[in-house]
Amino acid sequence: MSERIFIAVAWPYANGPLHLGHLAGCYLPADIFARYHRMKGSDVLMVSGSDQHGTPITIRAEQEGLEPQQVVDRFHAQFLDSWERMGISFDLFTTTGTDNHRQVVHELFLTLLKKDYIYKDTMLLPYSAESNRFLPDRYVQGTCPHCGDERARGDQCDNCGRTLNPTDLINPRSVIGGYDLEFRESEHFFLRLTAFQEPLLKWVKKQSHWRPNVLNFTRRYLEDGLKDRAITRDILWGVPIPVEGYDSKRIYVWFEAVTGYLSAAKEWAQSQGDPDAWEPFFRDPNSRAYYFIGKDNIPFHTMIWPAMLMGDGTLDLPYDVPANEFLNMEDAKLSTSRNWAVWLPDYLERFDPDPLRYVLTAIMPETSDSNFSWSDFVRRNNQELVATYGNLVHRVLTMTHRNFDGRFPQPGDLDEEDQALLARIPQALEEAGDQLGKCSFRQALGTAMALAQAANRYIDAKAPWQTMKTDMQRTGTTLWVCLNVLSCLRTLTYPFLPFSAQRLHELLGFEGSIQDSAWGVREVRAGQSFPQPTPLFTKLEESVAEEEMERLRAKAT
RNA sequence: GGCAACGUAGCUCAGCGGUUAGAGCGGGCGCUUCAUAAGCGCUAGGUCAUGGGUUCAAAUCCCUUCGUUGCCA
C-alpha cells in the first residue's frame, strides 16, 4: 500500500538570486524527502514556483528601468536553471503569473467572500495627490516613533527593527520624488482570521508530530489572539480582485502566494492530461501534505493558509510544516542587501552539487540556527565525503576490479563478521527510512555514514590485501560483502547525493536510473562485470576555503 | 520593555528524568598499506552557564541571576 505525499515548498521571491540559506532552509530538505518517497514507491507531487508579485519587485524594476515582468522573468529562468543543476526535482515549478493561478485565487477569494470570511472595510493609507495614487508602505519614509531614526519606512524601521504602519511615522513623506503626502481612506477586503482562532487552536493542539519550535511558536501566536488582516492593496502589480469596481487594487501577495500550492497542483494535473489528478492530494485523508519553509514563514503556513483551507471547507489541511531555522554564513547573519551570501549560480560555476548537498544536510538547521563556513565545507568534503565514503567505494571497487578480472566474485561461506555486516544493510535501510520519514535529515545522513564507517572497519579487520596472497575464496567473500554494502550506500545516499548515487549505480553494473530502484536491499550479482572504477568525489585544496572566504568578503558591502 | 529559545569536552554539536555524560573535527600515541597520503584502534579527565528547588534519582522538570539570539509592542 503506497502512500500519497504532497510536498509544497515555499515560493522564492523573484527579485534576486537564490543563496545557500534558501537551499538549506527548504529546497534541499524537500528534495531529499521527495526522492526518498519516490524511491519508496509513494505517490509524490512536489511543487513550488516563483512569487512574482509584491512591492520589492516593483521597486527593483523601477530602479533598473524595467517592467516588473522583465525582472521576474529573468529570475524565474535563473531559478529553473539552479534547480536543474542542484538536482532539486520539482514535479512542477511554476509562477504566480499564470492565468491558472489567477483563476484559482479568484475561486478561493469568491468562495471565502460568499461565506463571509472575507469582508469589506476601510483603512487609512498613504496617498500622494501629485502622483494621484496610493503609495505602498515601503515607499513612505519618516521618523520612527520608537527610536527617532529619520529613515524609517512605512512597513518597518531598519534601525530598531520594529514593524510599523505608515500612520505611525512622524513627518511621513514619499520616497519617490519627495512629494508631500496625505492619508486617505481606502476601501479594502479583509480576511476574517478571528473566526478561525478557536478551530485553529484546536487543530494545532493535536499536531504533536510537528517540530517543537513550530508548534510552540504557533500556539503562542494563537493564544495571543489573531487579528483580521487586509488582503488587498492599492497597487497595480498583482492578481486583480474578482469583484467589480476595484480596478485600482490588487490582492496582496501573502493571500495570493500561499494559494499557489493549490494552483500549482491544478496546473500539474492539467499538464498530465488529467485535470482532476490534483484532487487526491488535497481531498483524501490518506494523503499527507508537507509544507517545507523557513521559520520566517511559519505563521502563513500554520495559521493563515490553514484558515483559508478551513474557510473553503473542501480541502485538506497540512499534515506537517517542517520549518527550518536559519543558516548563518561565516558566523554572521545572511544578508541579501549587504551581499553577505553565497549565491547558487556562483557556487555552481566552481563546484559540484553533491558536496554542497552533503554539507548543507550535515549542518541543516533543523532544530536551531546553524553556521556555514568554507573551512568546514572543505573539511567535510575532504574528510567525510572523499575519505570516509568516496574512498571506501574506490578501494573496494579497485581491489575487486584488479583481482577478479572486472567481475564481482562468488562468495564462499559467510563467517560471523560477514554476517554481522550484512545484517546491518537492512537495518540501516529501515533506520534511515524511518528518520527520513520523520524529516530528520541530519540523522538519516548520519546513519548512512555510520554504515560506511562500519565497512571501513570490517575491511581493516579482514585485510583482503593480505588474504589475496593465500586465499582468493576468502578475499572474494570479503569483497562481495563490501560490494553489497556499497549497493546499500548507493540507495541510502540517493536522496542526499543523487548525482554520485547514480554514478555508483553504474559503477556497480546496474542499468538505468537509480530512481527506479526500490528503497530496499539489492544484492550485487556474482559474475557480473563492471566498469573500471573512477573516484566519486574530488578532494579540494585547503586553499579553496581561504579563496572563497576572500571572495565573500570582497563582494560584501 | 514583553515573550521565547539557547548556553554541554579546544571547536561544531547530539542527548532532554534513571547504569561510570556522548559523536564528529582538532591535538597526542599506536597499527595498517588495498585505496583520492585514504583506513583502523587507543587517548581528551568537561563544576552539562549560575544559584536555588522538586524527585529515590536531573544536563534532562520548576524558579533566580548572567550571557547570546530570535519574535513582538
Side-chain angles (χ1 to χ4, degrees), chain A residues 144-147 156-157 160-165 168 211-227 294-299 323-328 330-334 355 358-359 362-373 375-404 417 435 440 442-443 445-447 449-450 452-469 475-476 478-479 482-483 486 500 532-542 545:
Chain A
C144 174
H146 302 286
C147 70
Q156 73 167 42
C157 170
C160 65
R162 291 170 168 92
T163 314
L164 303 171
N165 286 315
D168 297 335
R211 290 182 179 169
N213 45 352
V214 176
L215 193 58
N216 291 339
F217 179 87
T218 305
R219 282 188 64 158
R220 207 171 64 238
Y221 214 102
L222 283 170
E223 280 159 7
D224 278 359
L226 291 177
K227 288 180 201 141
K295 69 173 165 185
D296 51 328
N297 249 327
I298 291 175
N324 271 347
E325 308 289 300
F326 289 148
L327 183 77
N328 291 321
E330 301 285 0
D331 296 316
K333 201 174 164 177
L334 274 168
Y358 176 83
V359 172
I363 63 170
M364 195 168 275
E366 288 171 2
T367 54
S368 61
D369 292 354
S370 66
N371 183 55
F372 177 93
S373 78
S375 61
D376 184 63
F377 173 80
V378 172
R379 207 210 84 230
R380 285 186 190 271
N381 177 262
N382 290 351
Q383 297 188 4
E384 299 178 15
L385 255 195
V386 175
T388 303
Y389 172 48
N391 183 58
L392 166 71
V393 172
H394 198 238
R395 69 198 297 210
V396 169
L397 289 175
T398 311
M399 225 183 308
T400 309
H401 201 271
R402 192 171 296 160
N403 296 291
F404 290 87
E417 284 174 312
Q435 291 157 339
S440 293
R442 288 168 77 146
Q443 273 197 326
L445 183 62
T447 299
M449 290 304 283
Q453 285 184 320
N456 275 324
R457 273 195 295 276
Y458 167 86
I459 296 182
D460 216 61
K462 289 296 184 192
W465 53 91
Q466 293 290 353
T467 60
M468 73 173 63
K469 295 172 189 164
T475 309
T478 299
L479 290 172
C482 290
L483 288 161
L486 297 194
S500 57
Q532 174 75 41
T534 52
L536 280 184
F537 306 104
T538 312
K539 196 166 172 175
L540 295 169
E541 295 292 331
E542 293 290 332

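Everything numeric here is computed off the predicted structure, so don't read it as measured data. Within every chain, numbering begins at 1; the chains are lettered A, B, ... in the order of the sequence lines, protein sequences first and strands thereafter.
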When the P atoms of B:G27 and B:G10 are compared, how many Å lie between them, rounded to an integer?
16 Å

Is A:N403 reaching over with its side chain to a backbone N or O of A:M399, donor-acceptor style, under 3.5 angstrom?
yes

Nearest-neighbour nucleotide for the A:Q466 side chain, B:G39, B:U33, B:G24 considered:
B:U33

Counting side-chain heavy atoms from CB outward, which of B:G24, B:G26, B:U36 is closest to A:Q383?
B:G26

Could you give the distance separating B:U54 and B:A59 at their P atoms, to the nearest angstrom?
16 Å

Here the distance between atom C1' of B:A35 and atom CG of A:N403, to the nearest Å, is 12 Å

Nucleotide B:U36, atom P - distance to CD of A:E541 in whole Å:
16 Å

What closest approach, in Å, do A:T478 and A:K462 show between heavy atoms, and which atom pair accounts for it?
CG2-CB, 3.6 Å

Nearest whole angstrom, please: distance from the C1' of B:A35 to the CD1 of A:I459.
9 Å

A:L540 backbone acceptor or donor facing A:N382 side chain under 3.5 Å
yes

Comparing A:K539 and A:F217 on RNA chain B - which has the more 5′ nearest nucleotide
A:K539

Is there a donor-acceptor contact under 3.5 Å linking the side chains of A:T447 and A:Q435?
yes

Give the rounded distance in Å between these two atoms: CD of A:E384 and P of B:U12.
16 Å

How is A:P535 classified with respect to the nucleic acid when contacts are heavy atoms under 4.0 Å: base, sugar-phosphate, or nothing?
base

Closest to the A:W465 side chain, choosing from B:C34, B:A38, B:U36:
B:C34

For A:Q453 and B:G39, is the shortest distance between a side-chain N/O and OP1 or OP2 below 4.0 Å?
no

Among B:G39, B:U36, B:C71, which nucleotide sits nearest the side chain of A:H394?
B:U36

C1' atom, B:U64 versus B:A21: distance in rounded Å?
26 Å

Which is true for A:L397 with a 4.0 Å heavy-atom rule: it touches a base, it touches only sugar-phosphate, or it touches nothing?
nothing

Using purine N1 to pyrimidine N3 plus N6-O4 or O6-N4 for Watson-Crick, or N1-O2 and O6-N3 for G-U wobble, each under 3.5 Å, what pairs with B:C6?
B:G67

Measure CD/A:E366 against C1'/B:A5 and give the value in whole Å, please.
17 Å

For A:R442, which contact category applies under a 4.0 Å heavy-atom criterion: base, sugar-phosphate, or nothing?
sugar-phosphate

What does B:G41 pair with, Watson-Crick or G-U, if both distances are under 3.5 Å?
B:C29

Whole-Å P distance, B:A38 and B:G26
10 Å

Please determine, for the side chain of A:V386, which listed nucleotide (B:G41, B:A38, B:U36) has the closest atom?
B:U36

Please name the nucleotide paired to B:C72 by Watson-Crick or G-U wobble geometry with both distances under 3.5 Å, or report none.
B:G1

Less than 4.0 Å between a side-chain N and a carboxylate O, is that true for A:E325 and A:K295?
yes

Between B:U36 and B:G46, how many Å separate the two C1' atoms, rounded to a whole number?
36 Å

Show me the donor-acceptor pairs, under 3.5 Å and distance only, between side chains in residues 389-397 of chain A and residues at least two apart or in other chains.
from	atom 1	to	atom 2	distance (Å)
A:Y389	OH	A:T493	OG1	3.4
A:R395	NH1	A:N456	OD1	2.8

Determine: side-chain N/O of A:R402 to OP1/OP2 of B:C34, distance under 4.0 Å, yes or no.
no

Mind checking A:F537 for me? I need base, sugar-phosphate or nothing, with any heavy atom below 4.0 Å counting as a touch.
base

Pairing partner (Watson-Crick or G-U wobble, both distances under 3.5 angstrom) of B:U50:
none

Please measure how far the C1' atom in B:U19 lies from the corresponding atom in B:U32, and state the result in whole Å.
36 Å

Winner on side-chain proximity to A:R379, out of B:G24, B:A35, B:C40, is B:G24

Checking N1-N3 plus N6-O4 or O6-N4 for Watson-Crick, or N1-O2 and O6-N3 for wobble, each under 3.5 Å, the partner of B:G24 is B:C11

Measure the distance from CG on A:L392 to P on B:U32 and round it to the nearest whole Å.
21 Å

Note: A:D460-A:R457 ion pair, threshold 4.0 Å (strictly below):
no

Which nucleotide in the set B:U36, B:G39, B:C71 lies at the smallest distance from any side-chain heavy atom of A:N456?
B:G39

Using whole Å, report how far CG of A:N324 lies from P of B:A5.
19 Å

On a whole-Å scale, what distance lies between the P atoms belonging to B:C11 and B:A5?
25 Å

OH/A:Y458: more than 12 non-hydrogen atoms of other groups inside 6.0 Å:
yes

Of A:K295 and A:A452, the one whose nearest nucleotide on RNA chain B sits closer to the 5' end is A:A452

B:A14 versus B:G24 - spacing of their P atoms, nearest Å
16 Å

Atom pair distance, as rounded to whole Å: CD1 in A:I298 and P in B:C3
21 Å

